[in-house]
Structures are given as structure tokens and as C-alpha cells.
Amino acid sequence: MIGELALFALVIVAVMNTLVFIAHPVSWVTKKQHTFVTLTWSARLGAILSVLSLLGLGWLFLQDQFQYLYISTHSNSALPTFFKFAAVWGGHQGSMLFWVMTLCLWAAVISFARTMRARLKADTLWVMHGLIAAFAWFTILTSNPFEFNEQWLTQGRDLNPMLQDVGLIFHPPLLYLGYIGYSVVLALACGALMQPEFEQRWLYFAQKVSLVAWAFLTAGIALGSWWAYYELGWGGWWFWDPVENASLLPWLTGTALLHSLMASRRYQMMQFLSLALAIITFSLSILGTFIVRSGVLTSVHAFAVDPGKGIALLAILAIVLVVALGLLIVKGEDLKSQPIQAVTSRSYAVFIGVGLLIIATFTVFLGTFYPMIYELLGWGGFRLVRHTLMRYLCL
């Protein structure tokens, strides 16, 4: 019964956010602003329901309900209690439910922002509703943690022994809180661009949220590095795993975003760059999620190797990039930034630092994805043919 109620709560979150996401543009056409209250209360209700859904899954783990496929493959009756609850986000399905819950919690936080202008707040919440709806439906349709086993089981397979560590309790939640915190920055950036006149006030809220998200992500990466160190050593597989590099990408752009937002807010500089980094940082967070769940790269972090899940995540990423970057291009001409006055100024130092972080991001991105691109383009076969021809010609 608990499992059905938890799934029902998740379905309500998906349906409610979808309907509100559709209703808000209708209010633009009809020039009725009643959806503002709906956006606010649906964000808060979604947070409550998503928390109940995750707690329901946790209760099923604690009660050893092995009739559920996800629980039977990630738990065992002999597993310690705290590991049973940590196993909620120890696999793909549970981690996606945690992702949805975190999105809902961040949206609820924005709904309580009293100093934000009504139009900016409404448009920001509208973007958040769209993201919540997308990931909620993705979880329900492709990654349902409440799916039943085909056979009734009395015992589970147990959690991966390498995951039975205190790091599992804190490392993934910290990463998700950081990753998804940047969704709020993306929503704020899109909300500012959607205003009749570009809203400078978004910088104040974006800087605060970026700092919190950056702190969570930094703590998550640091804890993961420590976990990898004592588990396998600094030269171990986990520390040099492609997914570890993928988690570093949004951290690098997030660090650049913090400094860019500071320059934009204090000196009215680098406005376009701040908006672009806001979009790119959350997109890189989705990209990291895609790597873990698509199986395109060999990784011990791989929760799933289903290409269907990877395609769905790529579709979400493509929509986010196309819509957000398209909005930035269309409204970019309205942005007014002050020029950097001197090479010795603080703003110039910030600009150089942001540039170095972007270069570092590109370097890590290339090193992480080059093997996959190399294989997809068939360059390995071309190199073999070329090597064979050269040997023949030399003879």
C-alpha cells in the first residue's frame, strides 16, 4: 500500500507540474495573471508530495519489501539500517526520484522569495515546473522505482559491497543538491530574459543560489575524492573515472559563474557571459547524469546501461540548450554591459580567471569525451588503414 501511495504522489507531481506549465503561457495570451498563485502553491505542494514519495521508498527499503524490483536488486534483509535508507539513492531509479524531489524543493524555496518581483518569480517558477515535469515523467516511464518483480522474492540481491560505506549516505545527496541548484540559476536567467525589459534583479538571487549550489557540489566532490582515496587509492579507478571528470565540469563552470555574477552585479559587466554560464552549467549537470545512465562510457558509477534512458536524457538536454540559448540569442541585443576600463582593474582579473576556468572546462570535456567521439567517428579504423598503407609503401 505504501508503494502505491508513493507512486501516486509522484504521478500527481508529474501531472500537476505539466498542467501548470501548460496553463502559464495560456495566461499570457488571455492576459490573466491568476496562474501566479497556482505556480506558487503547486511548487510547495510538489515539494511535499515528492518528499513523501521518497520517504515511502525509504520505508519500503526498511521493511524489506523485496517484491519491488529496485529494492530486491539493491538491498538485503541483513543490510544495516542506515545502508538500507542510503540505498534509496544508491541505484538509478532511486537517484532519479531523489533528483525530482530536489528539483521540487528548490522550486519551493523560490516560491518563498518575498523580495523577487512577481513577473520574474512567476516565469522562474514556470521554467522550474517544466524541468520538474520532464524529469518526473522520465522517472515514471523509464525509471520507476516502484516497479514490481515478476516473481515474489523473500530475499534481495544486496547492495554492492563497494557502496556499503558512509560515503554513500552523504556523497550522492550533496552532488544532487549542487547539480540541481544550478537549475534555479538557469530558471532565473531564462526568467530575466523573458521580461519585457531585461530584469537586473535576477543577479541578486542567482548569486545567492549559485553560492549554495557551489558549496554543496564542492562538498560532494571533496567527499567523493576522499572516498575514492581510501577505497582504491589516488591511482584507483574511481578517482580517475570519467564520471568523476564529468562532475568536475559543472564545478568549473559554476566557479566561473560565481565570479561572473559578481562582476555583473557590482560593475554591470559580463552580462551575456553570466547568462551563458548559467545555461551551460546546468546543461553540464544533465550531461553528467546522461553519462552515468547511458553506458556510453565505461564507468563503475554506471547506474544503468539502457540506451533508451540515455536518449531521453539527451532529448531533455537538447530542449534545454535550444530553448535557453535561443532565448539568449534573441534577447542578447538588449543586454547592456559596461566595458572593462583597465588591465589593472579587478574586473579584468575576474575576466581572466573566468577565461582560465572555461579553458579548463573545455580541456576536461575533451579528455572525457574524446574516446567516445573517436570511436563513434570510426577514427580508430581509419588510423589502422593508414598505418597499414604506410607500412606497405615503405616496403
Side-chain angles (χ1 to χ4, degrees), residues 1-7 9-10 50-102 104-105 139 143-180 216-234 236-239 241 243-244 247 289 292-293 299-305:
M1 184 65 178
I2 297 296
E4 287 80 356
L5 290 176
L7 177 58
L10 180 60
S50 61
V51 169
L52 291 176
S53 182
L54 188 76
L55 289 177
L57 182 61
W59 178 258
L60 295 177
F61 267 97
L62 295 177
Q63 295 299 312
D64 296 329
Q65 299 295 311
F66 299 121
Q67 67 268 29
Y68 293 95
L69 177 62
Y70 180 65
I71 297 174
S72 66
T73 54
H74 292 84
S75 184
N76 188 281
S77 59
L79 192 67
T81 301
F82 47 88
F83 284 147
K84 285 183 180 179
F85 195 78
V88 170
W89 49 77
H92 167 67
Q93 293 90 332
S95 67
M96 290 311 304
L97 180 59
F98 192 93
W99 183 284
V100 173
M101 184 204 71
T102 311
C104 292
L105 290 178
T139 303
S143 313
N144 184 7
F146 304 103
E147 179 183 354
F148 283 100
N149 271 311
E150 295 182 357
Q151 296 179 345
W152 189 275
L153 300 179
T154 58
Q155 194 56 268
R157 189 184 303 171
D158 200 7
L159 183 66
N160 187 330
M162 299 186 73
L163 296 179
Q164 296 181 27
D165 187 274
V166 67
L168 179 65
I169 302 175
F170 301 104
H171 172 56
L174 288 173
L175 282 180
Y176 294 147
L177 288 169
Y179 278 156
I180 303 170
F216 278 125
L217 189 57
T218 301
I221 292 175
L223 179 59
S225 299
W226 168 75
W227 186 5
Y229 171 72
Y230 80 77
E231 186 73 33
L232 295 172
W234 286 110
W237 177 264
W238 278 23
F239 188 74
D241 186 58
V243 175
E244 296 291 348
S247 69
T289 306
V292 176
R293 289 156 177 84
S299 168
V300 294
H301 289 82
F303 286 149
V305 292

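In what follows, every heavy atom counts, from backbone to side chain, and hydrogens, waters and symmetry copies are set aside.
Partners of Thr73 according to the side chain to side chain donor-acceptor pair (under 3.5 Å) rule, which considers only residues two or more places apart in sequence or in another chain, do not exist here. Applying the side chain to side chain donor-acceptor pair (under 3.5 Å) test to Asn76 and every residue at least two apart in sequence or in another chain returns Gln155.
Minimum heavy-atom separation, Leu97 to Thr139: N-CG2, 4.2 Å. The shortest heavy-atom contact between Phe66 and Ser77 is CZ-N, 3.5 Å. Shown here for His171 and Leu223, the closest heavy-atom pair between the two residues is N-CD2, 3.4 Å.
Looking only at side-chain heavy atoms (C-beta outward), Leu217 and Leu174 stay at 4.5 Å or farther from each other. Phe98 is not listed as a side-chain neighbour of Val88, based on a closest heavy-atom distance of 4.5 Å or more.
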Under 3.5 Å, sequence neighbours excluded: what are the donor-acceptor pairs made by side chains of residues 53-64?
{"residue": "Ser53", "atom": "OG", "partner": "Ala6", "partner atom": "O", "Å": "3.0"}
{"residue": "Asp64", "atom": "OD1", "partner": "Lys84", "partner atom": "NZ", "Å": "2.9"}
{"residue": "Asp64", "atom": "OD2", "partner": "Lys84", "partner atom": "NZ", "Å": "3.2"}

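In this structure a side-chain-to-backbone donor-acceptor pair under 3.5 Å is missing from Tyr70 to His92. Side chain of Ser72 to main chain of Leu69: a donor-acceptor pair is present (N/O by atom type, distance under 3.5 Å, no hydrogens or angles).
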_Ile169 and Phe82: CA distance, side-chain angles, deciding distance, side chain to side chain contact (heavy atoms under 4.5 Å, CB included) verdict_ = CA-CA 8 Å; Ile169 302 175; Phe82 47 88; 4.0 Å; yes
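Below 30°, between 30° and 60°, or above 60°: for Tyr176 and Tyr179 the angle between ring planes is between 30° and 60°, a tilted geometry.
Summarising the local packing, CZ of Phe216 is surrounded by 12 or fewer heavy atoms from other residues, nucleotides or ligands at distances under 6.0 Å. For CD of Glu150, the number of neighbouring non-hydrogen atoms (other residues, nucleotides, ligands) closer than 6.0 Å is 12 at most.
Separating the CD atom in Gln93 from the CZ atom in Phe146 is a distance of 11.0 Å, to the nearest 0.5 Å. In this structure, Leu175 CG and Ser95 OG are separated by 11.5 Å, a value rounded to the nearest 0.5 Å. A distance of 8.5 Å separates CG in Asn149 from CD in Gln67, rounded to the nearest 0.5 Å.
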